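Read through the structure below, which is laid out as structure tokens, and then see the notes.
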Amino acid sequence: MSDTNHPLLANLNDAQREAVLHTGSPLLILAGAGSGKTRVITTRIAWALETLGTRPQSVAAVTFTNKAAREMEERITSMTDKALGVTVRTFHSFCALLLRMYGSACGINTSFLIYDETDAMTLLKNLLKQQYAKNEIKQLFEDIMRAKDLCIAPDGDVERINRNPAFAEIYRQYEERLAATGNLDFGDLIMKTVFLLREHSDVRAAVQMRFSTILVDEYQDSNAAQFILLKELYGPGTSLSVVGDDDQSIYSFRGAEISNILTFHESFPNTRVIRLEQNYRSTGRILAAASAVVSHNQGRLGKTLLSTRGEGNKISLRFVKDNETEALQCAKLYDENPDMETAIIYRVNSQSRSFEEVFTRFSIPFLLVGALRFYERAEVKDAIALLSLFVNPKDEIAFRRIINTPVRGIGEKTLASILEYLPEAKGDVLESLRLSLDSLSKRARSGAQVFLALYQDLAGQMDLTTTSMFIHEAMFKSGLYDFYRGQDKAEGTAKYQNLEELVSAAQAFPGGKDALATFLEGTTLRAPEYEEPAGKRVMLITAHNTKGLEFDRVIITGCEDGVFPMIRTNMWEEPDREAMEEERRLFYVAMTRAREQLILFSARRRLLFGRWSDSSPSRFLAEIPQETLDIKDNTSKPESMDTRFQRGDRVFHDDFGYGFVVESSIKEGNEAVKVRLDSGRTAVFIPEYTSLMKVEGE
DNA sequence: CGTTATGGGTTTTTT
DNA sequence: ACCCATAACG
Ligand SMILES: Nc1ncnc2c1ncn2[C@@H]1O[C@H](COP(=O)(O)OP(=O)(O)OP(=O)(O)O)[C@@H](O)[C@H]1O
């Protein structure tokens with residue numbers, strides 16, 4: 001065969017090529033960071049399509065995050081023009097697809113909507129708030145989610161999760177209420193698919209026939225339910241490949257089990273295991289440092305990972321006074337080298353704040369990934385709730401949310417009385433509202449009538465216009481537009497704009513109920529796509545979200561004990577080695593995102609809950625070999641120079657107007673302040689002799 | 001029922 | 001510091 005000359009195989013090493021070419025039994029690629037796992041899996045797909053005659057419709061590539069799915073699809077498309085029709089989705093989205101295709105076999109309404117975590121929690125709260133305290137409900141909710149991660153139904157082995165006999169009953173009631181709405185929660189997507197395949201051999205056969213080539217990326221983050229799902233999907237003719245790295249397992253909090261990858265070869269007989277041992281991403285120093293850190297974990301498989309690149313620069317470790325200085329120094333790093341592709345990585349979303357503030361102040365372009373997600377904003381959820389009722393009129397959670405927003409005189413009491421008609425209305429909330437009309441107070445009744453008329457009106461339009469127009473009309477006629485415009489005016493928010501964005505997000509949809517349903521699925525299962533950095537934008541991103549990505553320059557911020565590693569506040573609990581090892585893996589993931597340059601920041605104190613709290617350096621820093629480090633400590637001197645102006649200060653000068661301080665230092669006994677004026681010019685002032693004033697930032 | 005005051009909790013991480 | 005849930009009042 002002239003295989004090795006094929007252009008698809010040209011950019012692969014021997015082990016990678018072997019992995020791409022392997023056929024005839026399950027394949028496990030087990031390899032460290034940056035070893036080309038994703039490259040292999042995408043090439044494998046392209047290879048199958050190009051040379052094995054595999055039909056694109058039969059290929060399912062499954063990932064854990066939306067970003068990974070999007071990226072993989074792009075990579076495949078760039079390799080072959082036969083990629084059209086390949087299914088590249090997250091586990092959850094793939095299961096939603098299967099349930100819509102085949103779910104009617106097990107009594108699932110195939111136009112179900114998907115409840116996100118908040119909606120599902122609301123459902124449970126409504127069920128339990130009389131009898132249980134808030135934190136108890138939270139715990140019970142977590143247990144239910146946990147049960148679904150393990151694929152345990154209420155009549156299953158629930159004692160494994162919660163011994164309390166009441167738990168099984170609560171779980172059962174939750175399922176009943178959820179079933180009454182006809183919607184599914186995240187865990188259901190996997191669990192219900194497993195049950196569907198397990199109990200309906202005809203469906204299983206059809207699905208195995210349809211998806212005969214299955215590939216899973218980041219397999220170390222699969223949970224029990226997903227493992228069982230794979231077993232159900234795996235048939236006699238299935239080509240199954242999984243890739244992963246046990247050192248990068250970072251999702252145990254949502255049920256991920258490293259054992260899935262460690263025992264894959266036992267669960268799937270004749271598995272071919274291939275290891276990749278060359279790292280193509282990072283410089284030698286970065287790789288050495290990251291490997292040294294993760295080697296402190298016990299119970300690893302252990303892997304060889306050799307650098308293919310030069311030593312590179314040392315890793316820069318910088319101690320700073322506080323989190324604002326941290327952000328200012330990041331701004332300075334940007335200024336020094338604005339063209340370098342850069343990610344600022346942190347442990348928790350709330351850390352993004354100081355960066356957003358400082359970067360906005362300095363007009364540094366940035367891209368905030370993930371944070372408070374668009375579709376989770378209150379105003380957007382309100383809009384989605386209203387729209388949901390047109391797809392599923394049994395959606396009680398949506399009804400509760402939107403019936404009195406904007407206010408229609410229907411408060412908690414009235415709402416409860418309306419919902420008493422639900423059984424009679426066969427679960428249809430609008431029918432229930434109609435039935436209750438006579439029993440309502442005057443004010444509530446008129447509100448209810450307005451809402452019913454609105455619903456009728458819009459329902460009549462749904463099939464006559466595009467999805468985007470329909471949403472626009474719904475926002476307008478429901479009064480949501482006016483409501484949020486008013487709020488924006490009063491509070492200086494930008495919620496109306498978000499509603500407009502929702503309208504334009506639906507641009508591509510043709511209109512009608514099915515399109516609306518698809519659009520709504522996207523709002524819970526897919527993050528809105530952001531345009532790929534057209535210009536150079538600094539990416540602000542959590543460590544979890546960086547998995548699979550790479551950047552020339554990586555800045556890991558908040559390298560302090562308690563922040564990274566995040567440490568549970570329960571001091572009485574004994575230190576959890578497992579949890580600490582997962583933090584270390586997460587740190588490893590963050591470090592190994594860097595190609596050229598890795599910078600670590602550790603602040604002495606940090607504003608937390610509006611309080612300054614002192615912190616000590618991350619324990620992981622001590623695990624990095626000294627010879628790979630270049631340490632700068634800027635925490636001791638700054639008080640002594642005592643400049644009145646500091647970088648970032650907003651200033652005003654009588655003759656030159658407003659500007660921002662770029663730098664301020666003591667020169668020959670006087671303070672010299674370098675200012676970038678709003679006019680674009682830069683000037684140096686000596687406040688001793690001129691009228692330079694600090695003003696509050698806008 | 002709706003608006004406003006107050007106090008407690010909040011920050012893991014994502015589908 | 002901020003967001004939300006509950007209490008008190010109109
Ligand atoms: N054989 C090769 N020759 C040159 N570069 C390669 C080779 N294989 C992979 N690379 C490059 O190495 C980098 C890492 O590859 P890839 O993202 O596939 O690794 P990975 O194993 O999935 O990493 P991680 O698990 O850390 O996300 C990419 O930039 C990729 O293009």
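Below, chains carry the letters A, B, ... as their sequence lines are ordered, and counting in each starts from 1. Just so it is clear, the structure is predicted and the values come from calculations on it, not from any experiment.
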By salt bridge (charged side-chain N to carboxylate O under 4.0 Å, His left out) - contacts of A:Arg619 (at least two apart) | A:Asp561
Salt bridge between A:Arg400 and A:Glu396, side-chain N to carboxylate O under 4.0 Å?
-> yes
Give A:Glu117 one of three labels, base, sugar-phosphate or nothing, depending on what nucleic acid heavy atoms sit under 4.0 Å from its own.
-> base
Looking at A:Asn545, does any N or O in its side chain come under 4.0 Å of the phosphate oxygens OP1/OP2 on B:dT13?
-> no
note: A:Lys148, atom NZ; B:dT14, atom C1'; distance rounded to Å ~ 17 Å
How is A:Phe91 classified with respect to the nucleic acid when contacts are heavy atoms under 4.0 Å: base, sugar-phosphate, or nothing?
-> nothing
Comparing A:Thr90 and A:Val407 on DNA chain B - which has the more 5′ nearest nucleotide = A:Val407
Round to the nearest Å and state the distance from A:Arg584 atom CZ to B:dT13 atom C1'.
-> 18 Å
Is it true that A:Tyr484 and A:Tyr496 have ring centroids separated by less than 6.0 Å?
-> no
For B:dG2, take OP1 and OP2 only and decide whether either is under 4.0 Å from a side-chain N or O of A:Asn404.
-> yes
Give the table of side-chain donor-acceptor pairs shorter than 3.5 Å for residues 88-95 of chain A, with sequence neighbours excluded, one pair per line with atom names and distance.
{"residue": "A:Arg89", "atom": "NH1", "partner": "A:Ser93", "partner atom": "O", "Å": "3.1"}
{"residue": "A:Arg89", "atom": "NH1", "partner": "A:Ser93", "partner atom": "OG", "Å": "3.0"}
{"residue": "A:Thr90", "atom": "OG1", "partner": "A:Ser93", "partner atom": "N", "Å": "3.1"}

Euclidean distance, atom CZ of residue A:Arg606 to atom P of C:dA1 [Å, nearest integer] = 17 Å
Could you tell me the separation between the CZ atom of A:Arg146 and the P atom of B:dT14, rounded to a whole number of Å?
-> 18 Å
B:dT12 and C:dA5: how far apart are their C1' atoms, nearest whole angstrom?
-> 23 Å
Show me the protein contacts with nucleotides 10-12 of chain B, counting only N or O atoms at under 3.5 Å.
{"residue": "B:dT12", "atom": "O2", "partner": "A:Arg347", "partner atom": "NH1", "Å": "3.2"}
{"residue": "B:dT12", "atom": "O2", "partner": "A:Arg347", "partner atom": "NH2", "Å": "2.2"}

Give one of base, sugar-phosphate or nothing for A:Thr65, where a contact means two heavy atoms less than 4.0 Å apart.
-> sugar-phosphate
Apply salt bridge (charged side-chain N to carboxylate O under 4.0 Å, His left out) to A:Lys192 and list each qualifying residue two or more places apart in sequence or on a separate chain.
-> A:Glu175, A:Asp188
Reckon A:Ile410 touches a base, only the sugar-phosphate, or nothing at all at heavy-atom distances under 4.0 Å?
-> sugar-phosphate
Atom CD of A:Gln487 and atom C1' of B:dT3: how far apart are they, to the nearest Å?
-> 13 Å
Indicate whether OP1 or OP2 belonging to B:dT14 is found under 4.0 Å from a side-chain N or O atom of A:Thr542.
-> yes
Taking atom types as modelled, find out whether A:Tyr174 and A:Asp185 have a side-chain donor-acceptor pair closer than 3.5 angstrom.
-> yes
Taking atom C1' in both B:dT11 and C:dT6, what distance in whole Å separates the two?
-> 23 Å
Indicate, with a heavy-atom threshold strictly under 4.0 Å, whether A:Thr414 touches base, sugar-phosphate, or nothing.
-> sugar-phosphate
Quickly work out the A:Arg585 CZ to B:dT13 C1' distance and round it to whole Å.
-> 13 Å
Once you round it to whole Å, what is the distance between P of B:dT14 and CZ of A:Phe186?
-> 12 Å
Summarise how protein sits on nucleotides 2-10 of chain C as a single string, 5' to 3': B when a protein heavy atom is under 4.0 Å from the base, S for sugar-phosphate-only contact, - for no contact.
-> S--------
Side chain proximity check, A:Val589 to A:Ile250, heavy atoms < 4.5 angstrom = yes
Hey, does A:Thr523 have a side-chain heavy atom less than 4.5 Å from the side chain of A:Phe519?
-> yes
If you draw a 6.0 Å radius around CD in A:Glu412, do more than 12 non-hydrogen atoms from other residues or ligands fall strictly inside?
-> no
Salt bridge (charged side-chain N to carboxylate O under 4.0 Å, His left out) filter on A:Arg585, not counting sequence neighbours, yields A:Glu582
Rounded to the nearest Å, what distance is computed from the CD1 atom of residue A:Ile114 to the P atom of nucleotide B:dT14?
-> 19 Å
